2 protein chains.
Amino acid sequence: MADLKRRNTRQKDAVRHALGEAIGFVSAQQLHLVLKNHGSTIGLATVYRALADLAEAGEADPLQSKDGELLYRACTTSHHHHLICRACGKTVEIEADRVEKWADEVASEHGFTQPSHTIDIFGTCSACQ
Amino acid sequence: MADLKRRNTRQKDAVRHALGEAIGFVSAQQLHLVLKNHGSTIGLATVYRALADLAEAGEADPLQSKDGELLYRACTTSHHHHLICRACGKTVEIEADRVEKWADEVASEHGFTQPSHTIDIFGTCSACQ
DNA sequence: AGGCTTATTGAGAACGATTGTCAATAACTG
DNA sequence: CAGTTATTGACAATCGTTCTCAATAAGCCT
Ligand SMILES: [Zn+2]
Ligand SMILES: [Zn+2]
Ligand SMILES: [Zn+2]
Ligand SMILES: [Zn+2]
């Protein structure tokens, strides 16, 4: 389990940048297409690996889409949740200590430890009515 | 769009029953294996179709697992959420009007309509510590 | 700058969950 | 019971993701 030394590569930076430009949550395949269209020769597997790394580093938030795809979004590092437009993907970050506390309380009330949670809100944004 | 007439089949009943026996959330493949082990000759595709039907009818709750699998559980028909043990899958149904209201308010505060949400709590249950 | 070590890349194969195809079967109707 | 057609089951096909592995290039040390 000797931790391996991470290297900074031009590819990982490209993924980070493309993710930052994206509007809402995007898939690895979408990002790969965008990068290709911009002239990059980056491989699809590399995009998958870079996104997984960014998510582990807290630089990206992962989201299981309704149809089983794994989507990512560039995010602030503090814990938060998302309000997502079903039509255009526009996303608002949500913070609510009350709900965080509620989730942990529910867990401990039932004798569950090491609580974590998944909370996402969906809707149609004002521009997409 | 002529709605087609649903038929009651022995296979769908078998899936419904097997789902009821299951401990927590289970996958179509798991149910298929269980049914096979009990002597059934049901096809895998049929299990997938039956579960999708049950979910649409509100008789089962779907859950996207962390690793992209679609899991199901026999549930009450009223709206609720789940507290799930990461180790053994034991599941507790949670109802909390406060949180329901909060989610809808967050949506409307940001101009989002037709709100819906995904809320799941995970932890390690007392038996699995 | 030059050379060494090894993490990272990219192309393609492999994988696993899910869905589509289609002839055979079996629910319902009357 | 006979006719209509929704449903079944075996298999192929799809799709997102991961694996494999030889080639490349970061980081490090002269
Ligand atoms: Zn929108
Ligand atoms: Zn939270
Ligand atoms: Zn448990
Ligand atoms: Zn709810």
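It should be emphasised that the depicted structure is a prediction, and the values quoted were computed from it without experimental measurement. Throughout, protein chains are lettered first and strands after them, A, B, ... in sequence-line order, and every chain is numbered starting at 1. Side chains included, hydrogens not; waters and symmetry mates left out as well; all remaining heavy atoms used.
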How many Å lie between [atom1] on [X] and [atom2] on [N], as a whole number?
X       : N      : atom1 : atom2 : result
A:Lys12 : C:dG10 : NZ    : P     : 12 Å
B:Leu54 : D:dT7  : CG    : P     : 13 Å
A:Gln30 : D:dC15 : CD    : P     : 15 Å
B:His32 : C:dG16 : NE2   : P     : 17 Å
B:Lys66 : C:dG16 : NZ    : P     : 22 Å
B:Leu31 : C:dA17 : CG    : P     : 14 Å
B:Gln64 : C:dA17 : CD    : C1'   : 11 Å
A:Leu35 : C:dT9  : CG    : P     : 13 Å

ask   = So, B:Glu95 versus B:His79: side-chain donor-acceptor pair below 3.5 Å or not?
value =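 The answer is no; no qualifying pair exists.
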- For B:Glu93, enumerate each residue passing the salt bridge (charged side-chain N to carboxylate O under 4.0 Å, His left out) test, keeping only those at least two apart in sequence or located in another chain.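 Testing B:Glu93 for salt bridge (charged side-chain N to carboxylate O under 4.0 Å, His left out), a comparison that skips the adjacent residues, returns B:Arg73.
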Checklist entry - If you draw the axis of the six-membered ring of B:Phe122, does the NZ or CZ of B:Lys66 fall within 45° of it and under 6.0 Å from the ring centre? => result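 Judged by the rule (NZ or CZ under 6.0 Å from the ring centre, within 45° of its axis), B:Lys66 counts as positioned above B:Phe122.
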Going 5' to 3' through nucleotides 18-30 of chain C and flagging B where a protein heavy-atom sits under 4.0 Å of the base, S where only the sugar-phosphate is that close, and - otherwise, we get BBBB----BBS--
Whether B:His117 and B:His81 hold their rings parallel, tilted or perpendicular, with breakpoints at 30° and 60°
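Plane angle between 30° and 60°, so tilted.
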Taking ILVMFWY side chains as joined if any heavy atoms are under 4.5 angstrom apart, and letting links pass through other members, which residues group with B:Tyr48?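 Members alongside B:Tyr48: B:Leu44.
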Under a 4.0 Å N-O cut-off, is there an ion pair linking A:Asp13 with A:Arg16?
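Salt bridge flag = yes for A:Arg16 with A:Asp13.
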